[in-house]
Amino acid sequence: MEKTYTPHAIEQHWYNAWEEKGYFTPKGTGTPYCIMIPPPNVTGTLHMGHAFQDTLMDLMIRYHRMNGDNTLWQAGTDHAGIATQMVVERQLATEGKTRHDLGREAFIDKVWDWKAHSGGHITRQLRRMGASLDWAHERFTMDDGLSQAVREVFIRLYDEGLIYRGKRLVNWDPVLHTAVSDLEVQSQEENGSLWHLRYPLADGSGHLVVATTRPETMLGDTAVAVHPKDERYQHLIGKQVELPLTERTIPVVADEHVDPEFGSGCVKITPAHDFNDYEVGQRHKLPLINIFTVDAKLNDNAPATYQGMDRFAARQQIVADLKAAGLLVDIKPHKLMVPRGDRSHAVIEPFLTNQWFVKIAPLAEPAIKAVEDGQIKFIPDNWKKTYFEWMRNIQDWCISRQIWWGHRIPAWYDDKGQTYVGESEAHLREKYQIPETINLEQDTDVLDTWFSSALWPFSTLGWPENTERLKAFYPTSVLVTGFDIIFFWVARMIMMGLKFMGDVPFREIYIHGLIRDADGQKMSKSKGNVLDPLDLIDSIELETLVTKRTTGLMQPEMAPKIEKATRKQYPQGIPAFGTDALRFTFAALASTGRDIRFDLGRIEGYRNFCNKLWNATRYVLISTQDSDLTEPKVALSLTDRWIISRLQQLEAQIHQHFKTYRFDLAANALYDFTWNEYCDWYLEFSKPVLQNASEAAQRNTQRTLVRVLEALLRLLHPFIPFITEELWQRVAPLAGKSGDTIMLQPYPQPQADKIDVQTEQEIDWVKQFILGVRRIRAEMDIAPSKPLPVLLQNGTADDQQKWQTHNSIITRLARLDSVKWLNAEAPESAMALVGEMQILIPLAGLINKKAELKRLNKETEKLRKELAKCTAKLENPKFTARAPAEIVEKERQRVADMSASLQQLETQAARIRAI
RNA sequence: GGGUGUUUAGCUCAGUUGGGAGAGCGUCGCCCUUACAAGGCGAAUGUCGGGGGUUCAAGUCCCUCAACACCCACCA
C-alpha cells in the first residue's frame, strides 16, 4: 500500500466500476426512497452550489441504499429555454448569423445538435463528484416522454379553464423579444432623474405639473391622475389637459393610487406601459396606447418625428423638445429601481401582448394547505413562512415565451381565429371534424421552462402512464434545493403534483445555504472570486487560475484587480484535494439554515483526515498480516470492549444525525471518533498488546482493529465514497466480509448489548493517568524520550486493580520507567491526580521545584474559582429548595470532588514549599 | 414599506427539553516515538453584540436597541 494517500489514483477507477456494474439503479425491493435531482441546465457547468447540493443528496442516497432501501436518485437535465437558445445564438453570431437566417426548424435542429455534443458536460462533472445517480434512466425535460407529459398537463388545465390566453400587460424583454415571468425580473437600484413636466389645461386656464422617471412614455399617456382628497387639485378633476408634443387632449381623473406627498401630486397615466397605470386605466376605462415596437422603439402610434427611435434616444429628444417648448419645469436626481431581465440584463418593458396564463389561485390553495397541514415539511422550518408569504399573494403565471427552444404550445388557430387545444393537429381535426380545407396554424410560442420543471417529480417516472416506477417512487422522499428557487420551482411542483397526482411531490424540503467565498462574499464571475469544484479536486496552476478568472468578464476593466487578488490569495495556485476531501468539507459545513464560507483551510484539514484514515488502515493491515482472525477464544480485553462500545455510540449518533439532516454533526462525530478515539487511543493501546500480550489477546486485538475499521469505513462511505471503497476492498476480507462493493454493504447499526459504560469509565481512568503524566512531562520540560519513575499513593483497591489490568499500556503510552505503590512518606515530587489517587514523579534530578509550584498554583487557582461558584450556588437556599433534586445532588458531588482535589493540591504545594 | 436570518476564542462555526462555555483552523512550546511531519505530545485564548426582564439558575426563554446579510413589494 502506498505510504501517502493520492486521491486521483482511485477516484476515476471506482466511479467507472460502480456505474458499469449498475450499482446506481434501484434494487427493486425494500422501502422506496427517492430524490429527484434538481435538473441542472443542459448548458451548465458545475459550480460550488451544485457540488454542495449534490454532495448532500448523494450522502442521503448512499445512506439509504446501504440501509437496504429501494433507492432512486433520478438523473436528468433541463432544456433551459432562454439560456440554451442564447448559447446557440451566440455560437451563430460568431459565424455572423442570427437564428432568423436559419429559420425555426433548422435552428432547433442546431440546438439538438449542440446538446448532443456539448450538453453532457455537467453530467460528467457530476460523476467526478461521485454522485450515484441512476444514469440508466436519465431524463431530459424535452425528451419524448416529458414532452408528452407537458402537453397532457397543458390540455387538461386548458380544458378546466385553468389556462387561458389574453391580452395583458406583461414583462417584456426587448432584447430577447419575449415575455418573461415576474420572477425572471430582477430590480436593482440605479441613478436616474425625476423630470417635472408641464401639461397645459385645455381650457387655457393654466397648467399642471407631472413628475416622471420615464418622460418618453408621455406619448402614450391617456390621463393625468390626482388623489381624490388632494385639496390642491379638486378643481382640476374632470378637466382636460393638452398632452404636449401630440395632438391629443387627456382627462384629469381622481384615483387613490396617487401619493399626494410624492413629486407634484399629479401623475401621468400610461396604461400600456406601466403596471400601476394599467390598473388605474382599468378603473377609469381609459384607452391603452401602445407606443413601442417589440424592440422598444417608438412605433406608429407616436408622432412621426419620434417613430423608429430607440426608447432611450427618444427620451433625450422628448426632454429636449419639451425644454424648447418651455414645458420642462425641473430635473431632479432620483434613485429608482430599474427592472432588468435576469438573462439579458436588458431593461424590462411593461408591454401589451397576447400571452398564455395559468390561473393560479385554485392551484395555490391546496398547495398552501399541504404545508399548513404538515404533509410537506420545510427544513429548516422557517422557510414555510417565505413560502406562505409568496403563495398568499401569488399572481397568475405567464407561461408563454416568444422564443424557439422549448415545448411548443399545443394550440392551433383556424382562419377565423378560433382556438383549438389538443395533442396534435391530427387529433384536433379528428376531434372537431375540421376538414383539410380549413387551414390550422399552431401557436408560435413555447412554454416557460419552469412549466416542464414543475412536472419533474412525476414526469420523470413515466407519467401520464401509471408505471411501476411512478407507483414505487411517488411521492418522493425529500427535495434538496436552495432558497432561491422556492418560488420558481418548489411551489410550482407542489401545485402540479397535488393537481395531477393527487398527492404531494415530496414529504420534506431541505433548503440549504449559499456557498460564499472565504470573506463571505457571494461567488460571481464579475467579482472574480469563483472557485470551481473541479479545480479543488484536480488542482490548478496559478497562471491558469488567473486566466480563467479574468477572461470573458462583463466588465473587462475589473481584470487587473481580480488578477491581483487572485495572485495574493493563491500564490501557489490550488493543490489537488480530491473529491472525498471536498465532499467531507461540504458535509462538515452543512449546518442547517446558514450560508457557508468556503475556506481552503477546511478542505486541507479534511484532506489530511483522509490521509489519516489511509495511514491508520496501513497500520491495521501491517499489524494483522498472516494472522488468524477467527472467532475469539478468550474474552475480549477491556480496551477492545471500549472501542467497540464507543463505536456503537457513534453509530447511534450518525443515524440520529441523518434523520435530522445534521450532516455537519455526523461528519464531526466521524472525524472525532476516527482521529481522537480510534487513532489516538485505540491504535496506541494496540501496540503494546501486539508486542507483548498472549497470542489469544493479540488475536483479539487484531480482530478488533480490523472489525472496527471495517465498520468505520462503512459509516464513512456516504461522505467519502472513493477512499472508503479502496480501503474496504483490502480490509473487508480480514473482517470476514464478502461483497463486491462497500456501496451495497449494510450501514452499521448500533447494538445496545455492546455498549459498556463501565468499561468506558475504566478506560477513561487509564487515559487520565496517561494524560496526567504527559502534562507533567511537557510542563516540566522533560524530554519525551526519557522514561519516568512513578510513585502511586492514596489509591483505592479499585485503583490498584485498574493499575494491575492496564500497567503495560500505561507504561508504554506514558513512557514510564518504574512504578511503585507507596505507603510511606513521599519524597518531593510533581503530582497529578486521577480521582483521589496521586501520581507522583520524584523531583530528584528531574524536576524544577519552582516550576512545579507554579504549575500546582495554576491548577489550584482554576479549581478554587470553580469551587467558589458551586459552593455559592449550594449556599443559596432557593437553589436547594427549588432546583430538581438530581441537579442539587450533582452539584454536591462536584463540590466534594473538587474540595478533595483542592486539598491534595494544597498539601502537595505546602510540602514542596517546606523543602 | 413588509418579511427572514445572523451576531459565541484571532478566523470559520457547533452548542439538541434552560443546570459544569466546545470543535476545526491558526498561535505558542517540545518531538523525525517503526501507520501517518498531510504527523505526535502538551499549552494559551471567551464581559456568548448592548441593555432590560422571567427564573433558584439564561449563550439558550421574553422585551428592547444596534450592526450586518438576504428576500418580497414599491412612489410615478
Side-chain angles (χ1 to χ4, degrees), chain A residues 1 3-5 182 187 194-195 210-214 217 225 257-259 261-270 274-277 280 334 336-337 380 382-383 385-386 389-390 393 483-484 486-487 513-514 516 518 520 522 575 577 581 588-589 591 593-602 604-623 656 660 662 664-665 668 671-672 676 679-680 683-684 687 770-771 774-779 781-785 812-813 815 866 869-870 873 876-884 886-888 890-891 894 898:
Chain A
M1 209 174 151
K3 192 171 168 185
T4 301
Y5 159 64
D182 297 348
S187 289
L194 193 57
W195 283 272
V210 297
T212 180
T213 54
R214 301 206 51 199
T217 62
H257 159 68
V258 180
D259 174 4
E261 304 296 315
F262 188 89
S264 62
C266 296
V267 185
K268 60 190 270 312
I269 301 296
T270 323
D274 182 284
F275 290 102
N276 285 313
D277 292 5
V280 176
H334 182 69
L336 74 165
M337 297 298 278
N382 280 73
W383 285 108
K385 291 185 190 168
T386 306
E389 176 88 3
W390 190 69
N393 297 298
F483 63 87
D484 50 329
I486 290 179
F487 308 142
L514 200 71
R516 299 169 174 278
K522 242 171 154 165
F577 295 110
L589 293 174
S591 50
R594 220 185 157 108
D595 287 353
I596 289 172
R597 292 192 186 203
F598 196 91
D599 163 19
L600 282 194
R602 282 307 272 268
E604 188 184 347
Y606 294 121
R607 191 266 323 260
N608 295 353
F609 173 72
C610 291
N611 187 49
K612 187 79 178 174
L613 185 65
W614 183 270
N615 280 299
T617 304
R618 231 160 56 86
Y619 168 79
V620 171
L621 293 177
I622 292 166
S623 311
Q656 181 57 31
T660 52
R662 289 304 303 266
D664 57 330
L665 298 181
N668 283 327
Y671 182 99
D672 184 58
N676 301 328
C679 290
D680 284 353
L683 292 195
E684 296 305 322
K687 288 175 185 174
I770 295 165
L771 289 170
R774 282 179 182 168
R775 205 174 302 127
I776 292 173
R777 184 193 291 278
E779 287 179 27
D781 272 337
I782 302 168
S785 51
R812 158 101 180 219
L813 298 199
R815 279 234 170 198
E866 201 51 39
K869 245 193 331 197
C870 291
K873 209 186 243 185
N876 180 354
K878 284 181 179 167
F879 172 70
T880 45
R882 300 196 192 175
E886 75 256 28
I887 297 290
V888 176
K890 201 171 140 194
E891 289 297 315
R894 283 190 65 208
M898 284 191 285

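Predicted, not measured: the structure shown is a model, and the values here were computed from it. Proteins come first, then strands; the chains are lettered A, B, ... in the order of their sequence lines, and each starts at number 1.
- Every residue meeting the side-chain hydrogen bond (donor to acceptor under 3.5 Å, both in side chains) condition with A/Y619, not counting sequence neighbours, appears here in chain and number order: A/S686.
- Here B/A14 is the nucleotide among B/U12, B/A38, B/A14 with the atom lying nearest to any side-chain atom of A/R662.
- Nucleotides B/A14 and B/C30, compared at atom C1', are 31 Å apart to the nearest Å.
- For A/F879, whose side chain is taken as the heavy atoms from C-beta onward, the closest listed nucleotide among B/G19, B/G15, B/C36 is B/G19.
- When each of B/A38, B/C13, B/A35 is scored by its nearest atom to the side-chain atoms of A/Y619, the top-ranked nucleotide is B/A35.
- Side-chain atoms of A/C679 lie closest to B/A35 of the nucleotides B/A35, B/G40, B/G39.
- Residues A/D595 and A/K522 are not in side-chain contact: their nearest non-hydrogen atoms beyond the backbone lie 4.5 Å or more apart.
- Counting heavy atoms from C-beta on, the side chains of A/V267 and A/F262 never come closer than 4.5 Å.
- Here B/G18 sits opposite no nucleotide as a Watson-Crick or G-U wobble pair (both hydrogen-bonding atom distances under 3.5 Å).
- Spacing of P atoms, B/G59 relative to B/U17, comes out at 16 Å, to the nearest Å.
- Partners of A/N276 by side-chain hydrogen bond (donor to acceptor under 3.5 Å, both in side chains), not counting sequence neighbours: none found.
- Rounded to whole Å, the distance from CG on A/L600 to P on B/C11 is 19 Å.
- The same atom, P, is picked in B/C25 and in B/G40; the two are 9 Å apart, to the nearest Å.
- Computed from coordinates, the A/R812 CZ to B/U33 P distance equals 12 Å when rounded to whole Å.
- Taking atom P on both B/G29 and B/G53, the two are 47 Å apart, rounded to the nearest angstrom.
- At a threshold of 4.0 angstrom between heavy atoms, the contacts of A/L589 with the nucleic acid are absent.
- Rounded to an integer number of Å, the gap from CG of A/D595 to C1' of B/U4 is 12 Å.
- Residues passing the side chain to side chain contact (heavy atoms under 4.5 Å, CB included) test with A/D182 are A/N171, A/Q395, sequence neighbours excluded.
- A search for side chain to side chain contact (heavy atoms under 4.5 Å, CB included) contacts involving A/R774 returns A/W681, A/I770, A/L771, A/L813, not counting sequence neighbours.
- Checked against side chain to side chain contact (heavy atoms under 4.5 Å, CB included), A/L621 has the following partners two or more places apart in sequence or in another chain: A/M1, A/T617, A/R730, A/V731, A/L734.
- Partners of A/N393 by side-chain hydrogen bond (donor to acceptor under 3.5 Å, both in side chains), not counting sequence neighbours: none found.
- Contact annotation for A/P884: base contact, defined as any heavy-atom pair under 4.0 Å involving a base atom.
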Below 3.5 Å between N/O atoms, which protein atoms pair up with nucleotides 71-76 of chain B? Just atom names and distances, please.
unit_1	atom_1	unit_2	atom_2	d
B/C75	OP1	A/N276	ND2	2.3
B/C75	O2	A/D259	OD2	3.1
B/A76	OP2	A/H334	NE2	3.1
B/A76	O3'	A/T213	OG1	3.3
B/A76	N6	A/D259	O	2.7
B/A76	N6	A/F262	O	2.8
B/A76	N1	A/D259	N	3.1

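- Counting to the nearest Å, the C1' atom of B/A38 and the CZ atom of A/F609 are 13 Å from each other.
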Taking N or O atoms only and anything under 3.5 Å, show me the protein contacts with nucleotides 29-32 of chain B, one pair per line.
none

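- Taking atom P in both B/A66 and B/G51, the straight-line distance is 15 Å, to the nearest Å.
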Classify every nucleotide of nucleotides 20-27 of chain B by which part a protein heavy atom approaches to under 4.0 Å, writing B for the base, S for the sugar-phosphate alone and - for neither, in 5'-to-3' order. BS--S---
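- Between A/L621 atom CG and B/A35 atom C1' the separation is 10 Å, expressed in whole Å.
- If you look at A/Y671 and A/Y606, their ring centroids are closer than 6.0 Å.
- Nucleotide B/A57 holds its C1' atom 14 Å from the CD atom of A/E886, rounded to whole Å.
- Classification of the A/Y5-A/W614 ring pair by plane angle, with boundaries at 30° and 60°, yields tilted.
- Closest contact between the side chain of A/Y5 and the listed nucleotides B/A35, B/G42, B/A38 involves B/A38.
- A sub-4.0 Å separation between OP1 or OP2 of B/G40 and a side-chain N or O of A/K612 is present.
- Proximity of A/R594 to the phosphate of B/A69: no side-chain N or O atom is located under 4.0 Å from OP1 or OP2.
- Nucleotides B/C36 and B/C41 place their C1' atoms 15 Å apart, quoted to the nearest Å.
- Comparing the same atom, P, in B/A23 and in B/A44 gives a spacing of 12 Å after rounding to whole Å.
- Of the two residues near RNA chain B, A/K385 and A/L683, the one whose nearest nucleotide lies more 5' is A/K385.
- Looking at heavy atoms from C-beta onward, A/R602 lies out of side-chain contact with A/R597 at the 4.5 angstrom threshold.
- For A/R662, the salt bridge (Lys or Arg N to Asp or Glu O under 4.0 Å) partners are A/D664, not counting sequence neighbours.
- Residue A/T4 is classed as a base contact, given a heavy-atom separation below 4.0 Å to a base.
- Residues forming a side chain to side chain contact (heavy atoms under 4.5 Å, CB included) with A/I776 (at least two apart in sequence, or on another chain): A/M780, A/A830, A/A832, A/I841, A/I847, A/R855.
- Taking side-chain N and O atoms only, A/K687 has a distance below 4.0 Å to OP1 or OP2 of B/A35.
- B/U45 and B/G24: their C1' atoms are spaced 15 Å apart (whole Å).
- Here the P atom of nucleotide B/U12 and the CG atom of A/D664 are 17 Å apart, to the nearest Å.
- When Watson-Crick and G-U wobble pairs are counted only if both distances are under 3.5 Å, B/U6 pairs with B/A67.
- The residue among A/E779 and A/I596 whose nearest nucleotide of RNA chain B is located toward the 5' end is A/I596.
- The backbone N or O of A/F598 lies less than 3.5 Å from no partner atom in the side chain of A/R516, so there is not a single donor-acceptor pair.
- Shown here, B/A43 forms a base pair with B/U27; the pair counts as Watson-Crick or G-U wobble because both key distances fall under 3.5 Å.
- Closest to the A/N615 side chain, of the nucleotides B/C36, B/C70, B/G15, is B/C36.
- One can place CZ of A/R607 at 17 Å from P of B/C36, the figure rounded to the nearest angstrom.
- A/N611 meets the side-chain hydrogen bond (donor to acceptor under 3.5 Å, both in side chains) test with A/N615; sequence neighbours excluded.
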